[in-house]
Amino acid sequence: MTTALFAVAAVVAVVSAVLVVTSRRIVHAALWLVVTLGAVAGCFGALHAEFVALVQILVYVGAIVVLVLFALMLTKAPTNPLPTLTTARSPFAAAVAGVLALLLGTGVVIAFGKEKIKPVPAGDAETVGTAIFKTWVLPFEVLSVLLLAALIGAIALSQRKSGES
Amino acid sequence: MITVANDDFAAGVLLAILALPVLAALALWALPVQLGERLAALYGAVVSGLVLVGSLLLWTPANGWIAYVSGGETLAPGEQVKPLHGVTDVPWIPSLGVRFHVGVDSISVPLIVLTALLTFLCCVYSLKITPRIGRMRSLVALLLVIEAGVIGAFSAMDLVLFFVCFEIVLIPMWLIIDIWGDDHDAPGRKRAATTFVLMTVFGSALMLLGFLLVFRQAGTFDLVQLTNSPVLDGHGVPLAAALLIAVGLAVKVPLWPLHIWLPDAHAKAPTVGSVILAGVLLKLGTYGLIRILVPVLPDATVTIAPYLGGFSTVAIIAGSLACLGQTDVKRLIAYSSVGHMGFIGLGIATLSPAGMKGALFANIAHGIITGLLFFLAGAIKDRHDTSDLATIGRALYARLPRIAALLTFACLASLGLPGLAGFWGEMLVLLGAYDPADSLPRATYLVFMVLAGLGTVLTAAYFLRLVRKLCQGDPAEHPAGAFAVDLSRIELITWTPLITLTVLLGVWPGLLLHQWGSL
Amino acid sequence: MIATVWRVAGVGFSLLLVLIAALLYGDSASQHAFLNSQIGEVTIGFAVRTDDLTVLLLAVVGVVATCVQIYSLGYLHERAASYHALVTLFTAAMAAVVVADSLFLLLIGWEVMGACSYLLISHYWERREARSGAVKAFLMTRLADVGFLFGIFVLGVGAGTFRISALDPAQIDPGVLTTGTLLLLVGVVGKSAQVPLQTWLPDAMPGPSPVSALIHAATMVAAGVFLIARLYDVFAASATTMTVLAIVACVTMLYAALCAAAAVEVKRVLAWSTVSQLAIMFAALSLGTHEGRHAALFHLVTHAAFKGLLFLCAGVLLHQVGSAAFVVLRRYTRRGRLRKALPVTFVTMTIGLAALAGVPGFAGFFSKDSVLEAAWEHAHGGSVVGWFVLVSVGLTAGLTAFYCMRLWLWVFFRTPALAGAVGAFEADDPMADLEDPDTSKLKDASWLMLAPLVLLALGAIALGYVDGLHLNWVVALASTVVVIFGVLPAYSLWSRGADPRPVLLEREFGVDRAYHALFVVPVRWLSKLSVLGDRDVVGAYVRAVGRSGALASQGFRLLQTGNVQTYLTAAVVGVVALAVLAGVIAS
Amino acid sequence: MTLTWTDWQAIAVPLVLAIGAVAVLLIDAFWRSSPAQLRHTVVTLLTGAVILFGLVFVWAQRDDFKPAFCRPAVEGPAECSLVFEPLTAGLWGVLLLGGLGVVGLSAYRLLAADIPVGEYHFLLLSALVGATTLAGARDLATVVIALEVVSLPSFALVALRRDRRGSEAAMKAFLVSVLSTAVMLFGISYLYGVTGSLYLTTIANRLTGLDPSMQRVAFAAGLFVIVGFAFKIAAVPFHGWLPDTYAGAPVEVTAFLAVVSKSAGVAGLLVLVITGLAPDGSDLRLVVAILAAVTMTVGNLAALRQREAVRLLAWSSIGQVGFLLAPLAVGDAQAVVGYLAAYVVVTLGAFGAVAVVQRHRPSGLLADYRGMVRSEPGLAVALIFFLVVLAGLPPGLAGLFTKFAAFQAVIDAHLGWLAIVMALNVMIGLAVYLRWIAELFRLPADDPFAVDIETPAVAMISLFAAAAVVVSILPSTLFALAT
Amino acid sequence: MPLVLPLLLAVVLFCLGVYGVLARRNAVTILMSLELMLNAVNLNLIAFDAWRLDGLATGQTLAVFVITLAAAEIGLGLAIVLLLFRGHGHVDADAARDLAEADEREESPT
């Protein structure tokens, strides 16, 4: 059951991800990204990580993609298809990515080919919350510094220079 | 065996002559520019004169020679153990096993005296005769720094300290060539200076690798300990270490085919630079071979000695042949150093008492004679504004009779005329090659000896060619220049000690040979 | 001022040598060592000795040097200071050789003589032939000295000592002994200009004549003979060496005599004759007998006198006439002026030539006779070498008589047959001014120059009798006949105005040219090769390193396109490559 | 989980830095009315004080061993997120010194006027928080997040002038960094998969007993993690962003990147290597060694022909990283820290000198330095000394001995080929710096560089020069940092 | 469920992301591709977490951290992209080449 669910989500994720990196319309690509992220969230769900799936939808779909769309608007991204959206090096890039995928895929299959995941629910908010605050305090705290710094940095960069109209 | 003699006075003197030039150089740079420029040469002469006095104080007849061991047996049975004196030994960088350990014995002292003498003479020479570009303050300061570095290298009893001192001289020498060098050929002198410094640095980096391999084997950088209990075994890591050290030092010597930096560097350097470079700096390489390679890695040295000897022999022949084809007086003298250093290398490669002593003697003799030759070449170059043989023209006997006569004298000394200093070193080297250490292939060395002997003929040939091209000739075709002044007083004063020593050591080689004990 | 000091010092020093020789005369042999240093198992240092040989040679050197120094006072005026200083040094060096008991002291004197001869030969450094002759002299002797040095090594290490007095042939391994003496012989051959290292001596003639006198009479070339006499025990112990020496000597004496017979310059004739006469001494030495040594030394002494005399006479010719070439001298002679203008020179030179030719009654006759006698004795003993030497010396005596007569006649006598023509020598110098020279100012030299001539001329006669007269009449008669057989053809040719000089002889058998092609040219090529090799091979590697560094640097600059995606691609490729590389290395 | 006193002590320095960062930001934000100079000075002093506090704290506790944020492990020793030990003290010392130096170089009149002061110092301190945490981190989550805390503020700093060049520079650095983070995280995910833990000690323990197929994945994972750091410290071939970013950023920020950011990366990598991600004899160390060789060669060669001072320093810093990676590849922490310390001091000095020249000669070409020995002897001598230390030749004994230690580490680990490459690079590196030194010694140009150097710049450069001289005379101080 | 399934999906997503980073020209699309890579990381973490079941939820925790980290990155990244747009008038990553090695021409400071 979970396997089937996962398979469907996986297929959706892959197809939409392919579209994200190949679509000639930037805005379409952004929308396909939403689909991919959603599908990945589905995968998380299928792996019994409900809390992470939720966070994925909230943060990614809710915040990040919106930010991206804003950015696209602000940078006056055209909505019509652009032939120049991918560079001339794309075949080479594809080859590199392909080789990488081949290497990693082979390695993964050889190493984990026989392993099975037992469908046990272990991903509710309480589990994760406990882990964060019992074990992973330090990274969590540092993460807060990171968010603050990124925020201030983004603000500082977005400010106009004094004297600049 | 090295034993250590406690001698606070000598230690103090040694530290003083190490520190004095550096401090004096810093003080000189601290002087105001105008004052500094005017006083520089005098100041340098006083300081280096003090250093010379100090180095002479270190010269006590009691000290002797390091024994070196080959294949587990002492080469010279029944010799006396001679102590190291003037020792200062304090930890410097404990975590790396590096100590500040200096001391002198009879191998170092003559070289230190030579260094001090040549620096002193260069400073005295600079009182009156300065490079066209001026900037005497820095020139003298750099000379003093070089002096300190070289004395440091000659007294270092720690491999790393030796390495450091070995490197100290590089940048000052580079500056001397680059700034005060041949003012007709700015790109050329720049290239020469850079080639010199880069090749030497590469060599010394390899040498450092060798030192580190020694450290891995023996667990110490201390030369006294290493000499007393050397790294035996002539294969594997000791062999690699010996090769690295030998190659590194061979760049400095310089041994063929690593000599390519030398002609340019010498030819482009200013007079005092050439004198120091040829008279002192080249000795670092051969000193290193004698002080470090032979005693510390005796077995591995035996393995590589025939190759060292072979390359040295090639250097003798190739250097002499190249001299025959030179058209520039400074380049010619520079190339002659390749040949002479080849003799020293061959002497070391024989690992025999005679060869070693010959190498040590030739070291000193080459310093004195080549120093004189470069002074003379510089004098001729200054008077003609070129060092090209064809442009200078012939018949210097008529135009500058005294300088030309001295040049002839120096040439004769350099070609190894018996009765002058140049002879004994080369003779002992050949004797060593005739009778090398037992562990070495004698037939090979006999071939080396014969080839080196032919090399002496070639040496004579190019020096005679030089005299013929420069000093002799029809004066009618080469009239005297308007400003060609013969031997000036300062030149006479500067060169007299060198001439005297050339003759003195020629007729009384025992003066130095006694220093090195009965081996 | 300085010149005066050196003049006085020079004369004084040579007189001092004579004085020392006189003082030492009769003293028993003794040695004294000083300034020694121990090098391993051998001692390097100096030692002197005195014995009969020392005294004899010191006397010869002293007398000849005195004559030369005094003669030079009149002969030479320009650059006199350096000249006299060098002559003094030269004499001192020979004295060092003579008194040395240490092979190293001997070597020092030996080579310092070479250097002094180089400097003195090139005294007239304005002249091209003086420069090249000097260089040639030094290089050839230097080459031989390398062998000499190695010989010292072999003998010294073999015997464990470098003291001459301590060299005991019995203690030395025969192989080592032969090698050592052969190597020493190389040095001797070079110094004494024997075949095959003979070509430098005739070319050294552009030097001042007194110097030639010094070199040929008492120092330098005589040092070779002295050395073998000094180490006679050692040399005699090796039959091989002695045979080689005999062959060298015999070939040389004939060769040089033939060359002398075709030379057209007085000094050149004399030079070749020196080579030839030295070879006679070597031949005597090569007999290996006591008589041989004695004869050689006897001939050395008489030769010093008459050859010194002859060169000084040639010097007078040069000084008064301006040249010693036959073609020039003939211009004076064809009017009969030369002989009359230079009577003292004529007489003394005649004495010298007679002595050289071995005319009975003159010193040369006696000394040559003693050589022949020694050879005769030896040959009777059944020695092939003895026969060989005997025949060669005989032939050489004839040739010597021939060229002496030729020289004497052509230089001093007008030829009736030629009716005042220069003779067969015009071709030598097509540029020569064949007009009659102004002979009115021609006169004999100053007394300073003539006094040594007279002294030596007396020597050239009297020295023949100092050894006591013990002639083997058969040999003496035979040699006299040989001399007559040599003189007659010379006279006959001269009287017909002909001077046939075969090309082979005129070119001195082409040895010089062959050496040039065999040694000088290849060395020049090698030197060119070495220079080019340094520039285009060794240097090229260094430059190539530098250039490739610069090229690589430029390449990396070009890679820095500013395109961040290139950087990213490179990075990802780098990851993949590292993974693959590490996988390969690990497996 | 409750935080113990040890935990607080261990994170005191990052914590104070973070608080200081916020304080600086607040002061700047709510004190707009004050004159710029006063505000700038106060901010500088406050930042400096905070960092100085950190330094004093580190010095006081330099010999302590304090594991923090620990939990008992199933097997083996307790698993901790942060460990304060002498090595950490050494790394923190270097990082904080670097930070302090950058603050000094950013004093009033030195920092470009169009850079907002408060944000600048806030970001700087934030990055230091990340850097210090990274150097003490012992679990991969903390490592990766701390690394981001170093990186993100750095990019903001690069673009803080908000001009065309700055934004391009920041974009390049950012994209590369984010890709590297992704790669590193991907590697971490596999490491987690293979070992089931994020704690470095536990990972090290479990890595030893893996079957071959798993080992292959573990190797790839380790490679990815190392590559992430290689991006950060710009090891070749992950270096492309660095010259462009250095050239585009304000000089002070470039100094920061070259000193703090790079040191943090090295510190992180060092922690990973010595705590067991790449144990002795593993292929990963080989990878690092290869990276070292390639990096130093390419960096030095590319620097050979540079005509701009900053770019030359950029490429040479790549070369220096290669030398840093060499002892790192054999896990010799002492050599790494010593090298880093010397590098930090003289790099700061060099950038300080470059900043002075660049302020008055914006073209930044090497030719601008011509004749400086005569026109500005003090600055020239200091700069020459820094360069000589970087080249590792006497009188720059600090550089010589740190290189020496690197050689020693490599030789002791039997990496002969790497040692030879290093020897070659000593030569190439010297050629690089000599070119610059030669310019300084040229005869004075038509308009030699002669200006009134700003007092704080004089003070800072003298300080750096003095420090460089001290560590040159007593190189043992460098190596005492991590014993 | 076989463990390789999510792992292979992660590999595919990661490599698609790599492709996107290398091949896409617009800086925003590059950022989107990076998000794909981070998602692949998360998938790995979740899958391993579900496989390991170590009771600490390590993988899930880290996944949450990664999502947060991604948010921080994208926030700053977009700010930089906007700044780039302000300076250059476009957001093509491969067209911003002011800082390339100046070969012979002088670099013009802004």
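So that the names make sense, note that chain A is the first sequence line, chain B the second, and so on, each numbered from 1.
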Interchain contact, C:Phe34 with chain B, by part (heavy-atom threshold 4.5 Å): neither

Geometric cation-pi criterion C:Arg142 and C:Tyr118, 6.0 Å radius, 45° cone: no

Contacting region of B:Trp261 [heavy-atom separation from chain C under 4.5 Å]: neither

Choice from C:Val112, C:Val523, C:Val531 maximising heavy atom contacts with chain B below 4.5 Å: C:Val531

Per-residue contact mode, B:Tyr462 against chain C (heavy atom under 4.5 angstrom): neither

C:Phe46, CZ: over 12 other non-hydrogen atoms inside 6.0 angstrom: yes

Contact origin within B:Ile260 toward chain C - heavy atom pairs under 4.5 Å: side chain

Over 12 foreign heavy atoms within 6.0 Å of CG, C:Leu551: yes

Most contacts with chain C, counted as non-hydrogen pairs under 4.5 angstrom, among B:Leu412, B:Leu430, B:Ile317: B:Leu430

Cation-pi, C:Tyr124 ring and C:Arg127 (6.0 angstrom, 45 degrees): yes

Proximal component of C:Leu105, with respect to chain B [non-hydrogen, under 4.5 Å]: neither

Residue, of B:Asp264, B:Leu458, B:Val507, B:Thr194, that accumulates the most heavy atom pairs under 4.5 Å with chain C: B:Val507

Test item: B:Arg465 side-chain N/O and B:Leu324 main-chain N/O as donor-acceptor pair under 3.5 Å: yes

Top of B:Pro509, B:Gly473, B:Gly453 for chain C proximity - count of heavy-atom pairs under 4.5 angstrom: B:Gly473

Proximal component of C:Val135, with respect to chain B [non-hydrogen, under 4.5 Å]: both

Distance-only polar pair, side chains of B:Gln472 and C:Arg131, donor-acceptor under 3.5 Å: no

Proximity breakdown for B:Arg191 and chain C, heavy-atom pairs closer than 4.5 Å: neither

Chain B contact via C:Val545 - which portion, at a heavy-atom distance below 4.5 Å: neither

B:Thr408 side chain to B:Tyr397 side chain, donor-acceptor N/O pair below 3.5 angstrom: yes

Heavy atoms from other residues, nucleotides or ligands near CZ of B:Arg442 exceed 12 (cutoff 6.0 Å): yes

Pair C:Asp534-B:His259, side-chain donor/acceptor within less than 3.5 Å: yes

Top contributor to chain B interface from C:Val542, C:Leu107, C:Val154, C:Leu149 [non-hydrogen pairs under 4.5 Å]: C:Val154

Region of C:Phe153 that comes under 4.5 Å of a non-hydrogen atom in chain B: both

Residues C:Met94, C:Met220; criterion side-chain contact (heavy atoms from CB on, under 4.5 Å); working and verdict: CA-CA 7 Å; C:Met94 183 63 190; C:Met220 191 89 172; over 6 Å; no

C:Ser82 portion near chain B, given a 4.5 angstrom heavy-atom threshold: neither

Region of C:Ile44 in contact with chain B, defined by heavy-atom distances below 4.5 Å: side chain

Proximal component of C:Phe104, with respect to chain B [non-hydrogen, under 4.5 Å]: side chain

Residue, of B:Val457, B:Leu431, B:Leu511, B:Asp474, that accumulates the most heavy atom pairs under 4.5 Å with chain C: B:Leu431

Residues B:Tyr445 and B:Asp435: side-chain donor-acceptor under 3.5 angstrom: no

Residue C:Leu526 versus chain B: region with a heavy atom under 4.5 Å: both

Atom group of C:Val537 that falls short of 4.5 Å from chain B, counting heavy atoms: neither

NZ/B:Lys469: more than 12 non-hydrogen atoms of other groups inside 6.0 Å: no

